[in-house]
Amino acid sequence: MTSVQVEQHDKTPGEGAAAEGGEGYHRALGARQIQMIAIGGAIGTGLFLGAGKAISKAGPSLILAYAIAGLVIFFIMRALGELLMYRPVSGSFSDYAREFLGPFWGYATGWTYWLFWVVTGITEVTAAAKYMSYWTHDSFPQWAYALIFTVILYAANLISVKLFGELEFWFSMVKVTAIVGMILICAGILTIGFSDAAATASVSNLWSDRGFFPNGIGETLMTLQIVMFAFLAVELVGVTAGESKDPEKTLPKAINTVPWRIAVFYVGALIMIMSVIPWSNFKAGESPFVLAFEKMGLGVGAAIVNFVVLTAALSSCNSGMYSTGRMLRDLALNGQGPKFFTKLTKSGTPLVGTTFSAALMLVGVWINYVAPGKAFDYVVSFATISGMWAWIMILVCQIRYRAKADRGELPQSPFRAPGAPWSSWFALLFIGMVIVMMGIDKDSRVSLYCAPLWGLILGVSYLVLKKRNPAGAAFNKAGGSDKAAEPVA
C-alpha cells in the first residue's frame, strides 16, 4: 500500500475529500457540474448512433433490453457509490482494485480503463465525423473531420478542470434538452396528430409488426453488447471524486439519478420514437433521432438533432480525454506508470497524460482514412469489453469491501448499496452473459480475441516492472507495506 493510501485509511469515510490537495488536483467541480457529467456521460453515440443498428435487429424488444440493462447499471453505480463514500479518490476503480484484490489488479484495471477511453475517443470522433456528412454529403473527407475534432478537444482539455466542468455542463444540457424535446414532439404527434408521421403513428407499432420480439428473443439478446456500450461512461463520476468540491453530497445525488435517467432518456425515448415511426424503418449506421425527424417531415428538426448528436459525440470524447490523463497519473503515483505522468500544470491538469492519450486517439483518424464506412463497428466491440472490465472490478471490489466492513475490519460506508452483495452478484452474472453473446456474434468476436492479447501485454509488462523494483510497494501485496511506491522511471 502506498503512503498516500495509508494516510487516507486513517481518516473516516469521505474525509479524503479535503477542499484542497485531492492527490494534487483542484477541487473545482460543483454539484450541478457533477450532476450533468453523470447525466451526459451516459448519453453518447451508443444511444444516438448505435441504437439504429440495435432497433433494426431487435425491434421494439430493444426497450426491454435497455430497461433490464439499466437495472444492472443501477446496481453497478450503487456499488461504486458505496466505495466512493468509503474513500473518494480520483484513481477510483484502479485504486480500489489495488486495495481489495492486489497490486496487479490495480495495474490491470488502471491501464485497461485508460485503453477503454482511448478507444472510446476514437469511437466518438468517428461518430462526430460521420454526423458532419449530413451537411457536407461527403464533399469533405471523414478522416479530416476526425483530425480536426481530436485537435480541438485536446486543446480544450488543457484548460482548468473548472472550465472543463462548465463545458460538460452545457454539452450535457444540450443533449438532455434534445431528448426531452423529442419525447414531447412524439407525444404531440401521438395525441394531437400533426406532422407527416401522424397517419401511421400509434403505440400499436410496438407490437403490430410481427410482435414485440419480431426477430426472436435470441436476436434481442445479441443486441445486449450494443445496449451495454450505450451505458459505458456512467462510471465517470468515480473519476471526478478527486476534483469534486463536496463528494459526500454530490456523488450520491448523482448516482441516485440513474433510474430516472435511464427511464427517460433510453426507455422513454425509444418507446416514443418506435411508436411514431415503425421499427422496420430504422437501420444500422443511421441515427434513429435524425431519421425520426425526417420521417415526420421536420427537416429543420432533423438538422437540429444532428447538431445535438454531434455535440454528444464530442462531449463524450472530451470526457474521455479528461479521464485518461487522470488514470495515467494515478498509475504513476502508485509506481505502476512512468514518473512523468505525475506532473500537473498550474491549473491542475495532467498535461503529459492527456497529451499521450490524445496522440493515440489519432489512430481514429487513420481508421477513418482507410475504412470510413466500418470505422464505428470496428471499435465499438473492443470498447465494450474493455469498459465492462471496470464494471467487473467495481462489483468485485464492492463485494470484498462489504465483507470486510461487515466483519468490522473497515469502517462502514454511509452510502450502502441496496441488496448487496446479491445485487452485485446478479450484475456480474449479467455481464458474463453479455460477454458470451459477444463471443457468439461474429461481428463482435474480434474484441474477445483482442482481450487475451491485451491481458498478455499487461501480465508481461507487470512482471518486467516488478523485476526492476521487486521491493516496491506497487508490486507487493496490497496493504503489505507502508513504503511509498516509487513511480516507474
Side-chain angles (χ1 to χ4, degrees), residues 36 38-74 127 131 171-191 195 197 200-207 212 220 223-224 226-234 257-296 298 301-313 315-316:
M36 293 308 291
I39 294 173
I43 305 174
T45 55
L47 175 63
F48 287 120
L49 183 61
K53 179 179 180 180
I55 293 173
S56 68
K57 291 170 69 70
S61 64
L62 181 66
I63 297 168
L64 180 61
Y66 270 105
I68 296 174
L71 177 63
V72 172
I73 294 300
F74 177 64
Y131 292 142
F171 275 149
S172 298
M173 185 65 75
V174 169
K175 292 184 283 187
V176 169
T177 302
I179 295 178
V180 172
M182 167 66 87
I183 292 174
L184 292 177
I185 291 174
C186 289
I189 293 173
L190 289 169
T191 55
S195 94
T200 58
S202 171
V203 178
S204 64
N205 285 331
L206 299 177
W207 61 80
F212 190 69
T220 303
T223 64
L224 285 177
I226 301 175
V227 171
M228 296 302 276
F229 174 78
F231 288 127
L232 292 174
V234 294
T257 62
V258 168
W260 71 260
R261 271 189 274 155
I262 293 171
V264 173
F265 300 134
Y266 287 90
V267 177
L270 290 175
I271 288 175
M272 287 298 183
I273 287 175
M274 283 189 275
S275 293
V276 173
I277 308 297
W279 70 269
S280 55
N281 285 267
F282 300 97
K283 59 183 179 180
E286 289 188 2
S287 168
F289 288 78
V290 173
L291 181 63
F293 269 114
E294 289 178 340
K295 293 292 184 180
M296 295 173 193
L298 304 174
I304 293 174
V305 172
N306 197 71
F307 170 75
V308 172
V309 296
L310 171 65
T311 301
S315 169
S316 194

What one should report as the nearest heavy-atom pair of Val227 and Ala65 is CG1-O, 3.9 Å

Tell me if a side-chain donor or acceptor on Asn281 pairs with a main-chain N or O of Leu291 at a distance below 3.5 Å.
no

Nearest heavy-atom approach of Ile273 to Ala292 is CG2-CB, 4.3 Å

CE of Met274 to SG of Cys186, rounded to nearest 0.5 Å, is 11.0 Å

State, with a plain yes or no, whether a side-chain heavy atom of Asn205 is found less than 4.5 Å away from one of Trp279.
no

Heavy-atom side-chain contact between Ile226 and Leu62 under 4.5 Å:
no

Would you indicate whether the side-chain heavy atoms of Leu64 and Thr220 approach each other to under 4.5 Å?
no

Going from CG on Leu184 to CE on Met272, what distance comes out if it is rounded to the nearest 0.5 angstrom?
8.0 Å

To the nearest 0.5 angstrom, please state how far the CD1 atom of Ile73 sits from the OH atom of Tyr66.
11.0 Å

Within a strict 4.5 Å, meaning less than it, do heavy atoms of the Ile262 and Phe74 side chains meet?
no

Taking Ile271's backbone N and O only, do any of them form a donor-acceptor pair with Ser275's side chain (distance below 3.5 Å, no angle check)?
yes

Given side-chain contact (heavy atoms from CB on, under 4.5 Å), test Leu270 with Ile55 step by step and report yes or no.
CA-CA 9 Å; Leu270 290 175; Ile55 293 173; 4.0 Å; yes

Gap between atom OG of Ser56 and atom CZ of Phe282 - 0.5 Å precision:
10.5 Å

Residues which pass side-chain hydrogen bond (donor to acceptor under 3.5 Å, both in side chains) with Ser204, listed by chain and number, not counting sequence neighbours
Ser202

Taking every heavy atom of Pro288 against every heavy atom of Ala51, the minimum-distance pair comes out as CG-CB, 3.9 Å

For residues Met173 and Thr177, determine if any side-chain heavy atom of one lies less than 4.5 Å from a side-chain heavy atom of the other.
yes

Minimum heavy-atom distance Leu206-Phe212, with the two atoms named:
O-CD1, 3.5 Å

